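These numbers come from a predicted model, not from an experiment. Throughout, a chain's letter reflects where its sequence line sits, starting with A, and its residues are numbered from 1.
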Protein chains: 2
Amino acid sequence: MSTRAQSEIQRIVERLGSAIAEHRLPPGTRLVEAKLVEVLGANRNHVRAALQKLASEYKVVSIIPNRGACVAQPTVKEARDVFSARIVIERAIVDQAIENLNAKNRHRLLKQLEKENDAIQRGERQEMIRESGNFHRVLAQIAGNDVLDELLAGLITRTSLIIALYQETPNVQCSIEEHQALVDAVLAQDRARATQLMDAHMGNIQRYLLLDERPKEVDLQAALQEGEALG
Amino acid sequence: MSTRAQSEIQRIVERLGSAIAEHRLPPGTRLVEAKLVEVLGANRNHVRAALQKLASEYKVVSIIPNRGACVAQPTVKEARDVFSARIVIERAIVDQAIENLNAKNRHRLLKQLEKENDAIQRGERQEMIRESGNFHRVLAQIAGNDVLDELLAGLITRTSLIIALYQETPNVQCSIEEHQALVDAVLAQDRARATQLMDAHMGNIQRYLLLDERPKEVDLQAALQEGEALG
DNA sequence: CAATCCAAAATTGTTAGCAATTTATCTGTA
DNA sequence: TACAGATAAATTGCTAACAATTTTGGATTG
């Protein structure tokens with residue numbers, strides 16, 4: 001596969017991936033190949049390859065054979081596992097980031113906080129989501145472990161999709177105050193406090209989700225059984 | 001893509017992946033599409049898709065545009081990052097596995113140890129590698145987090161490739177004694193000891209690798225400069 | 001003999017068109 | 001109206017042939 005094709009596929013992956021992460025494509029949305037070809041101005045083969053990748057690698061797309069792709073609807077179990085895995089990785093990242101602190105990194109962190117605040121000031125919802133995700137990526141990059149960074153990137157996208165699916169009130173995912181407190185602890189190189197704040201931060205995000213036992217399907221069933229007559 | 005095609009691609013991925021992990025395909029080996037088609041009795045499209053996946057998702061294959069695929073040769077930095085990430089995940093898994101212990105899980109662990117011992121008794125090198133990897137997977141499955149399990153699966157394959165590349169004396173990767181000690185600590189539900197043993201275990205594997213600063217290429221250069229005359 | 005160039009072979013990359021399947025629409029019947 | 005069946009439309013899945021690129025091997029030349 002040529003570099004050109006490869007980067008074209010990557011372009012589509014990122015375009016679709018961020019649209020899903022930023023809640024422009026809600027869970028369950030059908031992703032028809034022909035439509036994507038039209039909208040993205042792309043080759044059908046590239047679109048298909050990108051969808052395959054979003055399904056098998058990032059798991060934010062579901063592909064049903066002969067019936068096409070749609071934005072995934074992760075189960076409660078999967079949602080729990082993603083959060084729990086993410087906490088594991090985020091903790092390690094905070095720890096390693098503190099170890100790698102230097103003037104340049106400190107600057108990067110503060111600048112990222114500014115970006116987030118900016119997006120909040122301007123009320124740009126999608127930008128807020130993107131930048132609050134980027135905050136975690138910046139920490140990962142400061143930690144300096146490319147493998148952890150990549151694993152986290154995938155989990156952030158999945159987390160975003162989970163929030164879109166399970167968070168009723170359209171809150172933003174990360175509170176800027178918590179990010180601020182985290183940065184304070186990291187800059188002070190206070191490991192214990194920083195990891196504890198990260199735990200609490202993840203816990204708070206999870207707390208606002210509807211991850212109690214009942215699966216989503218029950219809603220539909222209940223609606224059909226007790227629903228008012230149509231028409 | 002049909003289920004049939006999907007599982008065919010998966011079959012090829014696993015076939016190649018395990019061949020790489022079990023050191024039957026050493027780093028640098030060229031993977032020519034036509035050859036793979038012949039050997040695996042597969043469709044060329046499926047082979048290509050599998051190679052793409054092994055490259056972009058598992059990172060055990062490198063694809064150079066217009067020049068084909070070969071078994072990857074991870075850099076020292078990548079090797080370090082993989083190990084460091086793996087330690088993070090393994091620690092978490094040990095912790096969660098202890099939490100989820102029950103009669104069935106205890107049995108599974110002991111049975112896995114038997115398999116490893118068996119392979120060692122019979123001196124089956126590739127089976128030893130496979131089963132020592134499976135040991136870590138069993139722990140992950142006991143931990144019960146599918147996301148962590150999948151992340152670990154990828155890291156185990158990468159670790160195996162790294163060992164093939166950087167371990168001069170062809171040792172087996174995991175010592176059975178260390179696995180035995182780990183199981184003891186897990187069964188005793190001694191968190192502190194278990195995580196510490198896992199750390200040590202990973203550390204020992206890493207210790208036998210040649211991950212000092214000089215890159216691999218230097219070997220070739222040196223050989224060419226100081227080599228004896230041919231013929 | 002080394003270096004350069006050219007043609008042939010090997011290998012990977014791309015595409016269009018058709019096949020197969022699913023979904024939607026229409027029609028007739030009770 | 002409700003339902004079943006048939007037909008058409010939409011959509012995905014597959015392949016074979018062709019295009020592009022790189023590698024190989026040898027011929028030519030200084």
For Gln52(B) and dG13(C), what is the distance between atoms CD and C1' respectively, to the nearest whole Å? 11 Å

dT23(C) phosphate, OP1 or OP2, under 4.0 Å from Arg67(A) side-chain N/O: yes

Establish, from distance only, whether the side-chain atoms of Gln10(A) and Gln6(A) form a donor-acceptor pair under 3.5 Å. no

From CZ of Arg44(B) over to P of dT12(C), roughly how many Å is that when rounded to an integer? 7 Å

Spacing between Gln6(B) atom CD and dT12(D) atom C1', to the nearest angstrom: 13 Å

With heavy atoms under 4.0 Å as the rule, sort Asn43(B) into base, sugar-phosphate or nothing. sugar-phosphate

Short N-O contact, Asp81(A) and Lys77(A), less than 4.0 angstrom: yes

Any donor-acceptor pair under 3.5 Å from Asn102(A) side chain to Asn105(A) backbone: yes

When you check the gap from the basic side-chain N to the acidic O, do Glu8(B) and Arg11(B) get nearer than 4.0 Å? yes

Rounded to whole angstroms, how far apart are CG on Leu51(A) and P on dT12(D)? 9 Å

Calculate the interatomic distance between Glu33(A) atom CD and dG13(D) atom P; express it in whole Å. 6 Å

Does Arg48(A) put a side-chain nitrogen or oxygen below 4.0 Å from OP1 or OP2 of dG13(D)? yes

Judged by nearest nucleotide, the residue sitting upstream toward the 5' end of DNA chain C, Pro65(A) or Asn45(A), is Asn45(A)

Quick one: Leu36(A) CG to dT12(D) P, roughly how many Å, whole number? 9 Å

Rounded to whole Å, please give me the gap between NE2 in His46(A) and P in dA16(C). 11 Å

May I have the distance from Ile64(B) (atom CD1) to dA10(C) (atom C1'), rounded to whole angstrom? 17 Å

Is Asn66(B) near enough to dA20(D) that one of its side-chain N or O atoms lies under 4.0 angstrom from OP1 or OP2? no

